[in-house]
Amino acid sequence: MKITQIVTTVVGTPWRELTFVEVETDDGRVGVGEVRMVNKTETLLAAIQELAERYVIGTDPFDVERIAWGVLWKEYGRAGEVAQSALAAIDIACWDLIGQACGQPIWRLLGGKFRDVVPAYANGWYQGDRDPAAIAELAQTVVARGYRGLKLDPFGAASADLSTSELDRSVRIVEAVRDAIGDDVQIMIEMHGRFRSATATRAAAALDHLAPTWLEEPVPPGNIHGLRNVRRSTRLPIATGERIHELEELAPLLEEGLVDTLQVDLTHFGGFTGLRRVASWASAYNVPLAPHNVCGPVGTAANVHFGIATPNFQILEHFNDFADSWVLDLVDAPLSVDPATGGFAAPTRPGLGVRLDRERAAEHPSNGATFNLFAVGWEKREGTPLTAGLGSN
């Protein structure tokens with residue numbers, strides 16, 4: 001079995017573009033992968049084409065380590081977000097082909113079934129105004145669908161600092177959510193790396209009584225000194241890692257005990273092949289993974305397979321029930337959260353178990369939408385459409 005062609009398809013939504021990669025082989029099989037690239041879709045497409053010509057076309061899809069070595073080492077330049085995302089989409093599709101060839105779901109090939117259900121938490125649900133009562137009502141609809149956890153960023157368009165009145169408003173939002181859903185549902189607080197350490201520390205103290213499951217990215221990902229300051233100042237768990245793209249970046253987080261939950265994104269870290277390395281290293285420090293996941297149904301399926309097989313897997317982020325729920329129609333058999341368990345059951349079909357519907361995808365072409373977390377009203381996920389010079393694939 002040799003790879004003969006790679007086909008990319010971009011689906012546009014108001015606030016994100018989903019890039020699907022189909023890897024075709026000489027025996028007629030097609031494997032599929034997916035990446036949600038942050039605001040650089042055309043750059044990603046160029047990287048996929050360039051890297052595929054050098055390291056993928058003509059290769060056996062079983063040789064995932066060889067493909068990864070080419071992208072990460074033979075290229076010589078350090079692999080960042082773009083290269084690791086391109087590699088991830090290809091790697092996921094290769095594992096899909098491996099599963100199809102073996103007649104097994106991917107999780108069986110990653111180590112078998114460690115758990116029956118991958119727990120999930122909801123994101124993308126708080127699309128109303130920044131009003132405590134309104135957001136609390138939305139939170140109740142999330143719990144009614146069976147979710148045992150939900151995440152929100154209550155801080156508006158804050159950057160670096162936060163006024164006393166805005167901090168108070170943010171706390172009142174989380175208090176209203178806690179009152180509405182009770183103490184048995186997890187609340188994750190997203191900070192999106194907005195703050196300098198002193199501001200993040202103030203926010204952590206103000207939220208302590210609400211017992212959030214974690215504070216996510218309290219400072220920008222490269223600010224290790226600031227993260228140390230936050231760690232020393234709060235007893236609340238800290239989650240981070242979605243913007244990490246190289247193993248070396250994990251060293252201070254793990255070795256200094258700066259992270260309680262690692263959120264490295266499977267689709268921005270070389271796919272299954274890359275994230276397996278992360279999970280193994282993190283397990284030595286007793287740190288679980290809760291991968292960042294802003295993908296549609298293909299990337300979500302990949303994460304579920306990974307979660308079924310990985311012992312130190314904590315919980316999976318999920319957007320597609322609340323933000324652009326129509327993206328589930330882009331595949332033939334999308335995975336869904338079971339209201340009875342609040343999670344995803346183990347897939348049973350070979351490979352990823354999902355096939356892309358190109359005709360459905362063509363109904364939502366690339367629109368150049370971008371997403372600005374520092375714009376007022378970003379939480380409504382209306383995006384910033386760009387109409388000049390961006391076509392679909």
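What you see below is based on every heavy atom in this structure, not just the backbone, and it leaves out hydrogens, waters and symmetry mates. For clarity, every value in this text was computed on a predicted model and none was experimentally measured.
Checking T300 against N293 by side-chain atom types alone, a donor-acceptor pair falls below 3.5 Å. Remark: the N39 side chain and the T370 side chain contain no N/O donor-acceptor pair separated by less than 3.5 Å.
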Residue pair R349, D332: steps toward the side chain to side chain contact (heavy atoms under 4.5 Å, CB included) verdict: CA-CA 12 Å; R349 297 170 70 178; D332 60 344; 3.1 Å; yes
Set out, in order, the CA-CA distance, both residues' side-chain angles and the distance that settles side-chain hydrogen bond (donor to acceptor under 3.5 Å, both in side chains) for Q127 and E379, then state yes or no. CA-CA 5 Å; Q127 296 177 40; E379 62 272 9; over 6 Å; no
Show your working on salt bridge (Lys or Arg N to Asp or Glu O under 4.0 Å) between R172 and E175 and close with a plain yes or no. CA-CA 5 Å; R172 284 188 287 110; E175 287 176 337; over 6 Å; no
Would T213 and I187 satisfy side chain to side chain contact (heavy atoms under 4.5 Å, CB included), going step by step from the backbone distance to the final call? CA-CA 6 Å; T213 299; I187 298 177; 5.8 Å; no
Going through the checks in order, is the side-chain hydrogen bond (donor to acceptor under 3.5 Å, both in side chains) test met by N320 and S325? CA-CA 5 Å; N320 300 324; S325 59; over 6 Å; no
One pair to check against side chain to side chain contact (heavy atoms under 4.5 Å, CB included): Y126 and V142. What are the steps and the verdict? CA-CA 10 Å; Y126 53 104; V142 177; over 6 Å; no
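No path of Ile, Leu, Val, Met, Phe, Trp and Tyr side chains, each step under 4.5 Å between heavy atoms, connects L275 with V82, placing them in separate hydrophobic clusters. By the rule that hydrophobic residues join a cluster once side-chain heavy atoms approach within less than 4.5 Å of another member, F62 and Y55 end up as members of separate clusters. When the side chains of ILVMFWY residues are joined at heavy-atom separations under 4.5 Å, either directly or via intervening members, L247 and V71 end up in two distinct hydrophobic clusters. Note: the hydrophobic cluster containing I67 also contains W73 (ILVMFWY, side chain heavy atoms under 4.5 Å, direct or indirect links). In the hydrophobic clustering of ILVMFWY residues, with side-chain heavy atoms under 4.5 Å counting as a link, I315 and V294 come out apart.
With a 4.5 Å cut-off on side-chain heavy atoms, I92 and L266 count as touching. Taking the side chain as every heavy atom from C-beta outward, L289 and V264 never approach each other to under 4.5 Å. The closest side-chain heavy-atom distance from E242 to H268 is not below 4.5 Å. Looking only at side-chain heavy atoms (C-beta outward), R130 and I173 come within less than 4.5 Å of each other. Residues I244 and L253 are in side-chain contact: their nearest non-hydrogen atoms beyond the backbone lie under 4.5 Å apart. The side-chain heavy atoms of P212 and L236, taken from C-beta on, include a pair separated by under 4.5 Å. Considering only heavy atoms from C-beta on, F155 stays 4.5 Å or farther from R169 through its side chain. Counting heavy atoms from C-beta on, the side chains of I90 and I6 come closer than 4.5 Å.
Shortest non-hydrogen contact noted between P119 and V117 is CD-O, 3.4 Å. The two atoms that bring G111 and A309 nearest to each other are N-CB, 4.5 Å, heavy atoms only. Residue D260 comes nearest to P288 through the heavy atom pair O-CD, 3.1 Å, listed as atom of the first residue, atom of the second, then distance. Shortest non-hydrogen contact noted between H245 and Q84 is O-NE2, 2.7 Å. Minimum interatomic distance between A200 and P218 (heavy atoms only, all atoms of both residues): CB-O, 3.5 Å. For V171 against L210, the heavy-atom pair with the smallest separation is O-CD1, 4.2 Å.
No donor-acceptor distance shorter than 3.5 angstrom exists from the side chain of Q100 to the backbone of P350, with no hydrogens or angles considered. Judged by distance alone, the side chain of D357 and the main-chain N or O of R360 form a donor-acceptor pair under 3.5 Å. Side chain of T9 to backbone of F20: no donor-acceptor contact under 3.5 angstrom is found. The backbone N or O of D131 lies less than 3.5 Å from no partner atom in the side chain of D129, so there is not a single donor-acceptor pair. Counting only distance, with no hydrogens or angles, the side chain of R178 and the backbone of V185 share a donor-acceptor pair below 3.5 Å. Side chain of D96 to main chain of G351: no donor-acceptor pair is present (N/O by atom type, distance under 3.5 Å, no hydrogens or angles). Checked by atom type and distance alone, the side chain of T310 pairs as donor or acceptor with a backbone atom of F306 at under 3.5 Å. When atom types are taken as modelled, the side chain of E317 and the backbone of A122 share no donor-acceptor pair closer than 3.5 angstrom. T59 places no side-chain N or O within 3.5 Å of a backbone atom of P61 that could act as its donor or acceptor partner. Under the 3.5 Å distance criterion, the side-chain polar atoms of R194 are matched with a main-chain donor or acceptor of L373.
Aromatic ring pairs are classed by plane angle as parallel below 30°, tilted from 30° to 60° and perpendicular above 60°; the pair Y147 and F322 is tilted.
Ring centers of W15 and F319: under 6.0 Å apart, within the cut-off. Aromatic rings from W214 and Y121 are positioned such that their centres are separated by under 6.0 Å. If you look at W378 and H192, their ring centroids are closer than 6.0 Å. Aromatic ring centres of F114 and F313: separated by at least 6.0 Å. With ring centers used as reference points, H305 lies 6.0 Å or more from W95.
In this structure, CZ in F344 is found 15.5 Å from CG in D116, a value given to the nearest 0.5 Å. The structure places CG of L258 at 11.5 Å from CG of L250, a figure rounded to the nearest 0.5 Å. Atom CG in L87 sits 14.0 Å away from atom CH2 in W69 (nearest 0.5 Å). To the nearest 0.5 angstrom, R231 atom CZ is 11.0 Å from E256 atom CD. The CD atom of E190 sits 10.5 Å away from atom CG of L215, with the distance rounded to the nearest 0.5 Å. Annotation: the span from R228 atom CZ to S233 atom OG amounts to 14.0 Å, rounded to 0.5 Å.
A side chain to side chain contact (heavy atoms under 4.5 Å, CB included) with R196 is found for exactly one of V230, T201, D161, namely D161. Applying side-chain hydrogen bond (donor to acceptor under 3.5 Å, both in side chains) to R29 and the options D27, D26, T25 leaves one that passes, D27.
Few gaps surround NE2 on H209; more than 12 heavy atoms of other groups in view lie less than 6.0 Å from it. More than 12 heavy atoms of other residues, nucleotides or ligands lie within 6.0 Å of CZ in R54, so this atom counts as buried by the packing criterion. The environment of CD in E359 is sparse: at most 12 heavy-atom neighbours from other residues, nucleotides or ligands sit within 6.0 Å.
At a threshold of 4.0 Å, the pair E248-R277 does not count as salt-bridged, since none of the basic side-chain nitrogens sits closer than that to a carboxylate oxygen. Remark: R16 engages D324 in a salt bridge, criterion side-chain N to carboxylate O under 4.0 Å. Using a cutoff of 4.0 Å between basic side-chain nitrogens and carboxylate oxygens, R358 and E22 are scored as salt-bridged. Between E17 and R36, no side-chain nitrogen of the basic residue sits less than 4.0 Å from a carboxylate oxygen of the acidic one, so the salt-bridge criterion is not met.
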